[in-house]
Amino acid sequence: MEAWLGLEIGNSRLHWAWFAGEEIQETWDTPHLSRLIEQQLAQCKTFADLPQEILSPDLNTSRLSPLASRLLPIYIASVVPSQTALWQAYPEAHVISLDKISLSGIYPTLGIDRALAVLGAGEAFGFPVLVIDAGTALTFTGADGDRCLVGGAILSGLSLQLQSLGQQTANLPSITTPEILFLPERWAMNTSEAIQSGVIYTLIASIRDFVTAWWEKFPDSQICFKGGDGKLLLEYLRSLHPEFTDRKIMYEPNLTFWGMRSYLQSFQ
Ligand SMILES: Nc1ncnc2c1ncn2[C@@H]1O[C@H](COP(=O)(O)OP(=O)(O)O)[C@@H](O)[C@H]1O
Ligand SMILES: CC(C)(COP(=O)(O)O)[C@@H](O)C(=O)NCCC(=O)O
Ligand SMILES: [K+]
C-alpha cells in the first residue's frame, strides 16, 4: 500500500493525516509554517528531509521510519493561499482544486475544505448530508441526495468570537477556548462568564436552528460535526437539547481526509 500525507490547511493551523493506501494511520495538527522553511521544502529528497515542524511531538515517529528514505506525496486542501504557496516548492505537492471534486452545483469560491468534507461525509454516511465545521470560522455545508451542493452559511467560530470581543472593546478580556471548562450559567454574574454565556448560548441556538431547518428539508439525513471546537459544541448542543442525542448527528474529525481519499479514488 502506497503511503501519502493529507494536509488540510485551515486558518488557525495545519491538519495532517498519514495514509497507507486508503487507511488513515495517524492524524495530528501543527502550527502554520514560517516562510523560512520554503528553501528546505524545495530541497527535500526523502521524508527524512522534511522539517521537524510538520511532525507532532505526540507522533510515534518510529512507525514512520520505514518511509524515511522516500519522498511522500502530499495532497493539500488549503483555504490559506500564503501557506499553500510555501508548498509549491516541494517536489511531490499536489494541491487539490475544486474543479475535480465530484459534487455538482458548486460555486467557484466555495472553500475546498468544505467541498471535501461534505464529499467525505456523503461517501461514508450517504447523501444528503450536512457538515458543521467548527474551525476558525464555523461553516454549514449541505449536499442533497444527488450529490448536489445545497449551500450553507459562514459565521465566526468560537475562538474568533471570543477574541474579537476582547480585541475591539476596552474592558473585555480575551477569553481562550481552553478556559471554557463547562457550560456557563446563562445569567452570568461576572464578565468572563457573561462573555462565555453570550457566545456559547447564541452559537448553540444558531446551530440548533440550522440543524432543525436541515432536517425539515432532509428528515433522515446524517449531520456531522468536525473542526477544533466541534466536539465541545456538539456536547453542549446535546446537553441543552437532549432530544438531539438519539438523532443522526455525530462528531468526526477526519471528514476532509475522507474527501481526499475519495477524490484520489476517482482518478484510479
Ligand atoms: N492547539 C490549538 N490551536 C488552535 N486552535 C485550537 C487548538 N486546540 C483547540 N483549538 C480550537 O480549534 C478551533 C480552530 O479549529 P480548527 O479546526 O483547528 O481550525 P482551522 O481548520 O480553521 O485551522 C479554535 O477555535 C480553538 O478553539
Ligand atoms: C469559510 C472558511 C474561511 C473556513 O475556513 P476555516 O475556518 O476552516 O479555516 C473557508 O472554507 C473559506 O475560505 N471558504 C471560502 C468561501 C466559501 O466557502 O464560500
Ligand atoms: K475547515
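Counting convention: from 1, in listed order, for ligands and their atoms alike.
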(message) Quick check: of its N, O or S atoms, which one does E8 have closest to the K ion (ligand 3)?
(response) OE2

(message) Only heavy atoms of G111, strictly under 4.0 Å: list the atoms of ligand 2 that pass.
(response) 11 (O), 14 (N), 15 (C), 17 (C), 18 (O)

(request) Identify the protein heavy atom lying closest to atom 17 (O) of ligand 1, giving its residue, its atom name and the separation to 0.1 Å. (result) G228 N, 2.9 Å

(request) Could you check which N/O/S atom of D133 is closest to the K ion (ligand 3)? (result) OD2

(request) Check whether any side-chain N or O of W4 sits under 3.5 Å from a backbone N or O of G21 as a donor-acceptor pair, and report yes or no. (result) yes

(message) Tell me whether G10 has any N or O atom under 3.5 angstrom from an N or O of ligand 2.
(response) no

(message) Using modelled atom types and a 3.5 Å cut-off, is there a donor and acceptor pairing between side-chain atoms of Q222 and backbone atoms of V129?
(response) no

(request) Identify, by atom number and element, the atoms of ligand 1 in contact range of T177, meaning under 4.0 Å from any of its heavy atoms. (result) 26 (C), 27 (O)

(request) Looking only at distances, please establish whether an N/O atom of ligand 2 is found under 3.5 Å from an N/O atom of I154. (result) no

(message) List ligand 2 atoms under 4.0 Å from T139, heavy atoms only on the residue side.
(response) 1 (C)

(message) Suppose I only count heavy atoms of N11 and a 4.0 Å limit; which atoms of ligand 1 are within that range?
(response) 20 (P), 22 (O), 23 (O)

(request) Verify, without hydrogens or angle tests, whether N254 (side chain) and F257 (backbone) share a donor-acceptor contact under 3.5 angstrom. (result) no

(message) Whether the side chain of T256 engages the backbone of L116 through a donor-acceptor N/O pair (distance < 3.5 Å, no angle test) should be reported.
(response) no

(request) Give the residue and atom name of whichever protein heavy atom lies nearest to atom 23 (O) of ligand 1, and the separation in Å to one decimal. (result) S12 N, 2.8 Å

(message) With respect to Y107, determine whether any N or O atom, backbone or side chain, lies less than 3.5 Å from an N or O atom of ligand 2.
(response) yes

(message) So does L165 get a backbone contact from the side chain of T169, meaning a donor-acceptor N/O pair under 3.5 Å?
(response) yes

(request) Heavy-atom contacts with G135 under 4.0 Å: which atoms of ligand 1 show up? List them by number with element. (result) 14 (C), 15 (O), 16 (P), 17 (O), 19 (O)

(request) Give the residue and atom name of whichever protein heavy atom lies nearest to atom 21 (O) of ligand 1, and the separation in Å to one decimal. (result) H15 NE2, 2.8 Å

(request) Among Q265, R261, R147, find the one that has a side chain to side chain donor-acceptor pair (under 3.5 Å) with E123. (result) R147

(message) Could you identify the single nearest non-hydrogen protein atom to atom 18 (O) of ligand 1 and state the distance to 0.1 Å?
(response) R13 NE, 2.6 Å

(message) Checking the side chain of D146 only, and the main-chain atoms of C148 only, is there a donor and an acceptor separated by less than 3.5 Å?
(response) no

(message) With a 3.5 Å distance limit and no angle check, can you tell me whether W28 reaches the backbone of I54 through a side-chain donor-acceptor pair?
(response) yes

(message) Tell me whether R238 forms a cation-pi arrangement with F244, defined as NZ or CZ under 6.0 Å from the six-membered ring centre and within 45 degrees of its axis.
(response) no

(request) Could you tell me which atoms of ligand 2, counted from 1 in the order shown, lie closer than 4.0 angstrom to a heavy atom of R114? (result) 11 (O), 17 (C), 18 (O), 19 (O)

(message) Using only atom types and a distance under 3.5 Å, with no angle test, would you say the side chain of D49 pairs donor to acceptor with the backbone of K45?
(response) yes

(message) Could you check whether W214 and F218 have their ring centres less than 6.0 Å apart?
(response) yes

(request) Starting from atom 20 (P) of ligand 1, locate the nearest protein heavy atom and write down its residue, its atom name and how far away it is, to 0.1 Å. (result) T136 OG1, 3.5 Å

(request) Please identify which atoms of ligand 1 are closer than 4.0 Å to at least one heavy atom of G227. (result) 17 (O)

(message) Give me the residue, atom name and distance of the protein heavy atom closest to atom 11 (O) of ligand 2.
(response) D113 OD1, 2.8 Å

(message) Between E8 and K226 (salt bridge meaning N to carboxylate O under 4.0 Å), is one present in this structure?
(response) yes

(request) Can you sort out which atoms of ligand 2 are near T109, meaning under 4.0 Å from one of its heavy atoms? (result) 15 (C), 16 (C), 17 (C), 18 (O), 19 (O)

(request) Could you tell me if the ring centre of F210 sits under 6.0 Å from that of F140? (result) yes

(message) Nearest N/O/S atom of D113 with respect to the K ion (ligand 3), by atom name, please.
(response) OD2

(message) Counting only nitrogen or oxygen atoms and a 3.5 angstrom limit, does S12 reach ligand 2?
(response) no

(request) Can you pull out the closest protein heavy atom to atom 13 (C) of ligand 1? Residue, atom name and distance to 0.1 Å, please. (result) D229 OD2, 3.4 Å

(request) Would you check if the side chain of R35 reaches a backbone N or O of S82 as a donor-acceptor pair within less than 3.5 Å? (result) no

(message) Heavy atoms only, cut-off 4.0 Å: how does N11 contact ligand 2, side chain, backbone, both, or neither?
(response) both

